[in-house]
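One structure, as structure tokens, below. Some questions next.
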There are 2 protein chains.
Amino acid sequence: MNPKVEKLKINYKTMEEFKKFKEYGAQELSMLEDLQANMIEDDSHSPFYGIYFGDKLVARMSLYRKDSLFDQYFDPPQDYLEIWKLEVLPGYQNNNYGKKLINYAKNYNMPIKTNPRMNSRKFFEKMGFEPVKYEVERDLGENPLVWYPFGVSEQKH
Amino acid sequence: MNPKVEKLKINYKTMEEFKKFKEYGAQELSMLEDLQANMIEDDSHSPFYGIYFGDKLVARMSLYRKDSLFDQYFDPPQDYLEIWKLEVLPGYQNNNYGKKLINYAKNYNMPIKTNPRMNSRKFFEKMGFEPVKYEVERDLGENPLVWYPFGVSEQKH
């Protein structure tokens, strides 16, 4: 078995799977409400990508495309990806699932930004992510790491 | 002694005091670099506000004014304040220092947004902060709480 990264569909089954992840929160509750209120179709696409081991969702991340209008990080300014909620369930760690998720994102060949939890900074750094110079107006309480595809560099302010 | 909230000045003494706080990070390192490179004057104002107990800085928060152009939270759209790094040193907690910092911010009578750590959500809620409806494009990995002054409400999208 060679588990692959899949784009997750929002439905009750997925919402149940999400409850096993530590970073279950406002985002998931909002999706659940939208499902219950029929504001979204069952099987709508989400910004979540995940890895199934058999029938079980064992790793996930949220991946969202930000418009170049909002790009304050990259030179030249361009559309970029933002990653959050990257998480592998206990018992399934050390199987390169986190790495597979990151590589999936890198395959878009777009710059990536993330504001990782303290305990996942090292992992992102190992995957080639770098800190940016802190700027209060842009970063406020964040301490972001970014990944540059070839030909892209840090935006100077 | 009745400790008061003060706007902190960026100098080597303040930077030393900051090292005692758990959320010491990129923001403080950047200020320290700017001091060392003479890019800012000793005694420049910072976005930090704090409370001294005698000579010792025992509580602090970062408070920054965001321009109405960036307001996606409040109706009518307007300048608002963002709080982060609100923290009271161990041994000085339960003295209402956190409450004093929040009340200082509320005195501006502007809406306030914060994206608190899990362990401080309850405190902010006790201080009248409320969750907003999660919106992926705006909130991404955040789970913000906001405070509305009289006459201000949640922005509908």
Side-chain angles (χ1 to χ4, degrees), chain A residues 10 21-34 37 39-40 44-48 60-67 69-70 72 79-87 112-118 120-121 130-146 157, chain B residues 10 21-34 37 39-40 44-48 60-67 69-70 72 79-87 112-118 120-121 130-146 157:
Chain A
I10 307 177
F21 290 82
K22 269 190 294 187
E23 289 198 40
Y24 185 89
Q27 187 178 10
E28 291 82 354
L29 292 171
S30 159
M31 286 175 173
L32 188 57
E33 265 178 30
D34 289 351
M39 284 173 63
I40 53 173
S44 288
H45 289 292
S46 72
F48 280 103
R60 67 167 195 176
M61 71 174 165
S62 210
L63 182 68
Y64 198 82
R65 185 180 183 129
K66 294 281 279 186
D67 192 275
L69 281 174
F70 304 111
Q72 300 183 77
D79 286 10
Y80 65 96
L81 298 173
E82 177 134 0
I83 290 179
W84 70 101
K85 295 199 182 185
L86 180 88
E87 190 176 340
I112 307 174
K113 183 210 151 195
T114 187
N115 181 44
R117 309 257 154 176
M118 276 311 289
S120 63
R121 283 190 84 78
E130 305 168 34
V132 293
K133 176 157 171 43
Y134 179 82
E135 286 180 30
V136 65
E137 289 197 40
R138 179 190 63 189
D139 298 320
L140 299 179
E142 292 200 353
N143 192 358
L145 293 176
V146 298
H157 291 262
Chain B
I10 307 175
F21 290 82
K22 271 191 293 188
E23 289 198 41
Y24 185 89
Q27 187 180 9
E28 291 82 355
L29 292 171
S30 159
M31 286 176 173
L32 188 56
E33 264 178 31
D34 288 350
M39 283 174 62
I40 52 172
S44 289
H45 290 291
S46 72
F48 279 104
R60 67 167 195 175
M61 71 175 165
S62 211
L63 182 68
Y64 198 83
R65 185 181 183 129
K66 294 281 279 185
D67 193 275
L69 280 175
F70 304 110
Q72 299 184 77
D79 286 11
Y80 66 97
L81 298 173
E82 177 135 0
I83 290 178
W84 70 100
K85 294 198 182 188
L86 180 87
E87 190 177 341
I112 307 173
K113 182 211 152 196
T114 188
N115 181 44
R117 308 258 154 176
M118 278 311 289
S120 62
R121 283 191 83 79
E130 305 168 34
V132 292
K133 175 155 173 44
Y134 179 82
E135 287 181 28
V136 65
E137 289 198 39
R138 178 190 65 188
D139 298 320
L140 299 178
E142 293 199 352
N143 192 357
L145 293 176
V146 298
H157 291 263

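Chain A is the first sequence line, chain B the second, and so forth, proteins listed ahead of strands; every chain is numbered from 1. Every value quoted in this text rests on a predicted model; they were computed, and no experiment measured them.
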Relative to chain B, which of A:S62, A:P47, A:G141, A:P131 shows the most heavy atom pairs under 4.5 Å? A:G141
Of all residues at least two apart in sequence or in a different chain, which pass the side chain to side chain donor-acceptor pair (under 3.5 Å) check with B:R65?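 Side chain to side chain donor-acceptor pair (under 3.5 Å) check on B:R65 returns B:D79.
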With sequence neighbours left out, write down each residue that passes side chain to side chain donor-acceptor pair (under 3.5 Å) with A:K66, or none if nothing qualifies.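 Scan of A:K66 (side chain to side chain donor-acceptor pair (under 3.5 Å), adjacent residues dropped) gives none.
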At what distance, to the nearest 0.5 angstrom, does CD1 of B:I83 lie from CG of A:L140? 12.0 Å
Neighbour count >12 (heavy atoms, 6.0 Å) for atom CZ, A:R121: yes
Taking heavy atoms only and a threshold strictly under 4.5 Å, list by residue number the residues of residues 23-32 of chain B that touch chain A; give 'none' if the list is empty. B:A26, B:Q27, B:S30
Taking only residues at least two apart or on different chains, which pairs with a member in residues 130-141 of chain A satisfy salt bridge (Lys or Arg N to Asp or Glu O under 4.0 Å)?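 Only A:K133-B:D34 qualify under salt bridge (Lys or Arg N to Asp or Glu O under 4.0 Å).
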